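A short worksheet on the structure shown next.
In what follows, residues are counted from 1 in the order of the sequence shown. Values reported hereafter were calculated over all heavy atoms of this structure, with side chains retained and with hydrogens, waters and symmetry mates removed. Predicted, not measured: the structure shown is a model, and the values here were computed from it.
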Amino acid sequence: MITRRRALSATLATTGVALTGAGLTPLLAAHARTPPATGPAPAPAQALDKFQRPMPLLPVKRPLGTNGKSDVYVMTMQPARAQILPGAPTDVLTYDGHFPGPVIKARTNRPVVIRQRNRLTVPTAVHLHGAAVRPDSDGDPMDVIEPGEDRVYHYPNRQPHAPLWFHDHAHHLEAENVYRGLSGCYLLTDATERSLPLPKGRYEVVIALRDARFDAQGQLAYAMGDRGRNTLLANGVPYPYFQVAARKYRLRLLNASNQRRFELRLADGGPLVQIGSDGGLLTAPHTTDRIALSAGERADVIVDFARYPVGSSVVLTNTTGSGPAPDIGEVLRFDVVRTAADPSEIPDRLRTLPPLPRPDAEREVVLRMDEGGEHPGAYIDEKVYEPGRVDARIKFNTSEIWTVTNANARAEHNFHLHLVQFRILDRAGRPPEPGESGLKDTVFLAPGETVRLQAVFDTYRGHYLYHCHMFEHGVRGMMATMHIR
Ligand code: C2O
Ligand code: CU
Ligand code: CU
């Protein structure tokens with residue numbers, strides 16, 4: 001039976017007050033210059049019943065208006081209480097009261113201007129991940145919005161369609177701020193994408209995945225590098241079900257976790273057709289049984305539920321990462337509840353990508369962290385991040401090949417460049433898999449692995465970050481600055 005509940009978002013009661021009690025201590029601790037000395041909070045032995053609640057659709061944020069040629073938004077970062085678990089609501093940090101944040105829909109060549117109002121008790125900085133924007137709108141860690149203040153961000157959208165997302169980036173606070181809720185999706189579309197007969201409207205669904213650890217009071221427990229975040233959330237709800245029609249759906253997946261990597265499969269091994277990645281559509285669809293997403297990565301995937309009889313279900317499983325299998329092995333359940341006409345198609349050709357120019361320069365980047373120890377350091381080229389220090393000088397309007405190596409024997413990393421969408425040339429000496437052969441801004445690096453990528457720096461000049469997108473590695477120092485000039 002079809003219900004209208006799929007359109008409901010997580011029940012939220014916005015509170016006008018700051019977090020108190022247990023919620024406040026970790027924020028203050030993280031605000032200090034050194035990471036907090038607290039170990040992981042005791043694990044609650046709560047067995048959550050799965051597939052009890054519908055997965056909410058994320059609310060789409062409407063512009064306040066338009067000033068001639070831009071869409072103008074006002075967004076308020078505010079504390080809220082979200083009904084995540086059965087029982088007591090959870091204190092969260094939000095964009096506009098939503099956990100996770102709302103979806104912004106933007107169009108190529110139509111600028112977006114967002115006034116961000118910080119009504120939290122911590123400084124914030126808003127970064128639009130995957131976008132080419134001027135440095136003063138990039139959410140640099142030192143360029144923060146103090147509590148009570150506002151800041152206007154300008155997003156020119158002079159780039160092709162892409163599933164971008166926005167999240168906090170305040171120095172030393174980003175890991176905890178994002179963990180507590182400060183992330184949202186930003187779908188940039190263009191004529192190329194819109195001309196394709198892909199599933200649209202209610203058949204195109206954003207799914208923001210992440211992990212979390214809850215304490216016995218149902219509050220988000222935060223500790224740096226906690227490996228016990230074993231509750232998986234899809235659009236803010238643990239292990240939801242999602243009612244679908246027996247037809248094709250376009251799933252816009254985001255891994256918004258601090259650290260966790262997902263390997264997603266349908267429980268019956270059924271086909272997933274990947275049509276896009278971080279920087280938009282692939283050149284051609286790619287059929288697989290597995291979608292891997294490290295923290296910060298996105299995938300655009302078509303699932304045809306026509307393969308399943310009405311009344312049946314299929315679970316989206318996760319086959320990697322730390323944690324007990326009953327907690328981390330299943331993400332959500334698709335319930336096939338009705339038939340529906342399906343005029344959508346997956347074209348054989350999705351887009352063309354321009355050939356890469358001859359590179360002007362090459363450089364090497366080494367990611368490494370101390371394995372073990374209470375406060376492991378994390379480094380890029382053996383240096384801890386220092387705001388203002390320039391680590392890579394790049395000539396404007398040139399193209400570079402970066403050889404990025406994970407020098408750890410056990411730890412995973414990934415690598416994210418601000419400002420650009422790059423192409424992966426090879427991984428461990430072999431050509432990239434089809435799923436990562438399109439435009440990327442974040443790339444996974446297994447222990448010991450080397451990836452070569454190529455980027456073109458032809459949009460803006462100035463200082464931009466590059467870093468491991470496992471936020472707590474970044475907080476520990478695995479972050480650096482490039483200067484394009
Ligand atoms: Cu998602 Cu520095 O970025
Ligand atoms: Cu970014
Ligand atoms: Cu890392």
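Counting only distance, with no hydrogens or angles, the side chain of E386 and the backbone of V384 share no donor-acceptor pair below 3.5 Å. With H286 contributing its side chain and P434 its backbone, the two residues share no donor-acceptor pair below 3.5 Å.
A salt bridge (charged side-chain N to carboxylate O under 4.0 Å, His left out) check over residues 113-140, counting only residues at least two apart or in different chains, returns the pairs R115-D150, R119-D150. Residue pairs satisfying the salt bridge (charged side-chain N to carboxylate O under 4.0 Å, His left out) criterion with at least one member in residues 272-287, sequence neighbours excluded, are listed as follows: D278-R298, D278-K440.
One finds no salt bridge joining R151 and E149 here, because no Lys/Arg side-chain nitrogen approaches an Asp/Glu carboxylate oxygen to under 4.0 Å. Salt bridge status for R476 with E472: absent, with no side-chain N to carboxylate O gap under 4.0 Å. Looking at D300 and R250, a side-chain N of the basic residue comes within less than 4.0 Å of a carboxylate O on the acidic one, giving a salt bridge. With salt bridges taken as basic N to acidic carboxylate O contacts below 4.0 Å, none links R393 and E400. Using a 4.0 Å cut-off between charged side-chain N and carboxylate O, D391 and K383 make a salt bridge. The existence of a salt bridge linking E436 and R427 is confirmed by a sub-4.0 Å separation between a basic side-chain nitrogen and an acidic carboxylate oxygen.
Aromatic ring centres of Y460 and F396: separated by at least 6.0 Å. Taking the six-membered ring for Trp, F166 and Y186 have ring centres at least 6.0 Å apart.
The aromatic rings of Y153 and Y155 sit parallel, their planes meeting at an angle under 30°, below the 60° perpendicular limit. Using the six-membered ring where Trp is involved, H169 and H467 have ring planes that are perpendicular, over 60° apart on the 30 and 60° scheme.
Counting only N and O atoms by type, the side chains of R110 and T66 include a donor and acceptor under 3.5 Å apart. Side-chain atoms of D327 and N230 include no donor-acceptor pair closer than 3.5 Å. Neither side chain, E412 nor S294, offers a donor N or O lying under 3.5 Å from an acceptor on the other. In this structure, a donor-acceptor pair under 3.5 Å is absent between the side chains of T283 and R351. Between the side chains of H469 and H129, at least one donor N or O lies within less than 3.5 Å of an accepting N or O. For the residue pair E297 / N255, no side-chain donor-acceptor distance below 3.5 Å is found, with atom types taken as modelled.
For the ring pair (Phe, Tyr, Trp, His ring centres under 6.0 Å) criterion with Y466, the lone passing option out of F457, W402, Y385 is W402. Paired with V301 under the rule side-chain contact (heavy atoms from CB on, under 4.5 Å), one option of L253, I275, I207 passes, and it is L253.
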Let's go through K61 and D96 carefully: what are the C-alpha distance in whole Å and the side-chain angles of both, what is the deciding distance for salt bridge (charged side-chain N to carboxylate O under 4.0 Å, His left out) to 0.1 Å, and is it a yes or a no? CA-CA 9 Å; K61 171 93 175 157; D96 271 0; 2.5 Å; yes
Take L272 and T287 through the test side-chain contact (heavy atoms from CB on, under 4.5 Å) and record every step on the way to the result. CA-CA 6 Å; L272 300 162; T287 302; over 6 Å; no
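In plain terms, the two heavy atoms of A82 and V92 that are nearest each other are CB-CG2, 4.1 Å. Heavy-atom minimum distance, P238 versus G236: CD-O, 4.1 Å.
L419 places none of its side-chain heavy atoms less than 4.5 Å from the side chain of L417. In this structure, L264 and L209 have side chains that are in contact, with non-hydrogen atoms separated by less than 4.5 Å.
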